[in-house]
Amino acid sequence: MNAFLNELMQITAWPMERPAAYGTFHLTFTFVGLLLSFLLAWKLRKLGDKGNRILLMSCGIFLVITEIYKQLFYYYYIGGSTYQWWVFPFQLCSVPMYLCIIAPMLKPGKVQQGMYNFMMTFNLLGGLMAFIEPSGIVHEYWTLTLHAFVWHMLLVFIGLYLGFSNRGGKTMADYRLAIATFGVLCVLAFGLNVLLAEVSAGSVNNFYIGPSISPLAVFKDIATNFGWYINTLLYIPAVSFGAFLLFLPFHLYYKKKAKQKALVS
């Protein structure tokens, strides 16, 4: 099996020139992807519970399968049969891989609602930011680049779909549930960072909240000059505010819709 997987990774290691930020490949994929994501999310907004479960679980399974390929590629081809701990799959944009499968299986309630709202806000933010600042999604191999581009555009689609389908963003309580979910995931991410610090030589930095130095622009300088904990205290509120800005249009829309409904009745 090892020989087969190694050979498969060698065969699919198709080299490419790393796409330039705001070059033809980046802009074409971004604009076409955003348009399709918006239209498809809007078209599917009236899915019932069964359709919603099938859609989200299908997205989750797709993400899992493609992530397995990515992990194998880094292990066999990039790492020469050595695991690359820095791609450990529990980053902010990795979480939908788990939530898309878990959330539809839960009974309706605060936990499920928190997951929906988290994906509608924080993961939508992560997906959009990846295309605004694309250095983390462009690679020297076609498979890795396409994986990153499709992955983050799928996060955009999922976020829009959950917002359009009235499964998130309705009240301020929804945002608080998203924050609570983010808080729980931050605790898990930090715990994994500490637990895997020795075996990974500090290369695991889930959610970029430490104790390793953040690789993100601006926050890297903050962590280097003032400590990872100062960076974390600034980074978490900054991400939460960004998620709120994406939550707000959905919230205002549903608030206006509720007022119109009340006036008619």
Side-chain angles (χ1 to χ4, degrees), residues 9 12-38 40-41 59-79 83-100 118-161 182 185 189 203-209 212-221 235 238-239 242-243 245-246:
M9 297 305 112
T12 58
W14 303 308
M16 73 179 300
E17 184 177 346
R18 190 187 295 266
Y22 296 95
T24 302
F25 180 90
H26 173 217
L27 290 178
T28 301
F29 193 102
T30 300
F31 287 121
V32 173
L34 289 175
L35 178 61
L36 292 177
S37 295
F38 185 93
L40 187 58
C59 290
I61 291 170
F62 174 80
L63 291 173
V64 168
I65 292 172
T66 56
E67 181 63 25
I68 290 173
Y69 172 83
K70 172 188 169 183
Q71 295 292 323
L72 291 174
F73 191 92
Y74 272 97
Y75 177 78
Y76 285 106
Y77 189 80
I78 303 294
Y83 187 67
Q84 304 299 289
W85 285 100
W86 67 276
V87 293
F88 187 81
F90 202 79
Q91 289 294 358
L92 184 63
C93 290
S94 304
V95 171
M97 174 174 59
Y98 311 107
L99 299 189
C100 279
F118 175 83
M119 288 190 284
M120 195 206 80
T121 52
F122 286 89
N123 289 142
L124 176 57
L125 173 67
L128 291 174
M129 288 304 299
F131 291 98
I132 294 172
E133 203 294 282
S135 62
I137 60 174
V138 293
H139 301 277
E140 296 175 349
Y141 302 96
W142 276 101
T143 47
L144 292 184
T145 298
L146 288 175
H147 170 272
F149 272 69
V150 172
W151 182 289
H152 289 85
M153 192 57 70
L154 188 56
L155 300 194
V156 173
F157 162 72
I158 293 169
L160 291 174
Y161 160 73
F182 180 50
L185 290 170
S203 62
V204 174
N205 193 4
N206 296 310
F207 284 40
Y208 302 130
I209 56 176
S212 297
I213 299 299
S214 172
L216 300 177
V218 179
F219 294 103
K220 180 178 180 179
D221 292 334
Y235 176 70
V239 174
L245 293 179
L246 293 177

- prompt: Taking the six-membered ring for Trp, are F149 and F25 parallel (under 30°), tilted (30 to 60°) or perpendicular (over 60°)?
  reply: perpendicular
- prompt: Considering residues at least two apart in sequence or located in another chain, which fulfil the side-chain hydrogen bond (donor to acceptor under 3.5 Å, both in side chains) criterion with Y141?
  reply: none
message: Using only atom types and a distance under 3.5 Å, with no angle test, would you say the side chain of Y83 pairs donor to acceptor with the backbone of Q71?
response: no
Would you mind writing out the side-chain donor-acceptor pairs for residues 85-94 within the sub-3.5 Å range, not counting sequence neighbours?
residue, atom, partner, partner atom, Å
Q91, OE1, F207, N, 2.7
Q91, NE2, N205, O, 3.2
S94, OG, Q91, N, 3.3

task: Check step by step if side-chain contact (heavy atoms from CB on, under 4.5 Å) holds for L155 and L124.
output: CA-CA 6 Å; L155 300 194; L124 176 57; over 6 Å; no
message: If we ignore hydrogens and angles and just use 3.5 Å, is the side chain of H26 paired with the main-chain N or O of P19 as donor and acceptor?
response: no
field: Summary of side chain to side chain donor-acceptor pair (under 3.5 Å) pairs that have at least one residue in residues 122-137, sequence neighbours excluded
entry: E133-S135
query: Hey, are the side chains of M9 and Y75 touching, using non-hydrogen atoms and a 4.5 Å cut-off?
result: no
- prompt: Which pairs with one or both residues in residues 16-33 pass salt bridge (Lys or Arg N to Asp or Glu O under 4.0 Å), sequence neighbours excluded?
  reply: R18-E140
- line: Closest non-hydrogen atoms of Y74 and H139, given as atom of the first, atom of the second and distance, are OH-CE1, 3.8 Å
- prompt: Under the salt bridge (Lys or Arg N to Asp or Glu O under 4.0 Å) rule, what pairs show up with a residue in residues 118-129, not counting sequence neighbours?
  reply: none
message: Please give me the minimum heavy-atom distance between I209 and A189, naming the atom from each residue.
response: CD1-CB, 4.4 Å
task: Taking side-chain hydrogen bond (donor to acceptor under 3.5 Å, both in side chains) as the test, write out the residues that go with T28, two or more places apart.
output: none
task: Give every residue pair that meets the side chain to side chain donor-acceptor pair (under 3.5 Å) criterion with at least one member in residues 145-161, sequence neighbours excluded.
output: N52-Y161, Y161-R167
- request: Please examine the side chains of C59 and M97, heavy atoms only from C-beta on, and report whether any two atoms are closer than 4.5 Å.
  value: no
query: Of the non-hydrogen atoms in K70 and L144, which two are nearest, and what is the gap between them?
result: CG-CD2, 4.4 Å
message: Going by side-chain hydrogen bond (donor to acceptor under 3.5 Å, both in side chains), name the residues that satisfy it together with N206, two or more places apart in sequence or in a different chain.
response: N193
query: So, do F118 and V95 sit near enough that their side-chain heavy atoms are less than 4.5 Å apart?
result: yes
query: Which residues satisfy the ring pair (Phe, Tyr, Trp, His ring centres under 6.0 Å) test with Y208, sequence neighbours excluded?
result: none
message: Less than 4.5 Å apart, side chain to side chain, heavy atoms only: is that true for L245 and T121?
response: no
- prompt: Got W142 and T12 here, is their nearest side-chain heavy-atom distance under 4.5 Å?
  reply: no
query: Parallel, tilted or perpendicular: which fits the ring planes of Y77 and F73, with parallel below 30° and perpendicular above 60°?
result: tilted
message: So if I apply the side-chain contact (heavy atoms from CB on, under 4.5 Å) rule between V32 and each of L35, T30, L36, which one comes out positive?
response: L36
- prompt: Which atom names give the shortest non-hydrogen contact between S37 and V156, and what distance separates them?
  reply: CB-CG1, 4.4 Å
field: Any T66 side-chain heavy atom under 4.5 Å of V150 side chain
entry: no
field: F38: ring pair (Phe, Tyr, Trp, His ring centres under 6.0 Å) partners, not counting sequence neighbours
entry: F164
query: So which heavy atom on L99 is nearest to which on M119, and how close?
result: CB-SD, 3.8 Å
field: Set of side-chain hydrogen bond (donor to acceptor under 3.5 Å, both in side chains) partners for Y98, sequence neighbours left out
entry: none
- prompt: Which residues pass the ring pair (Phe, Tyr, Trp, His ring centres under 6.0 Å) test with Y235, sequence neighbours left out?
  reply: F219
statement: Taking every heavy atom of I137 against every heavy atom of A130, the minimum-distance pair comes out as CD1-O, 3.4 Å
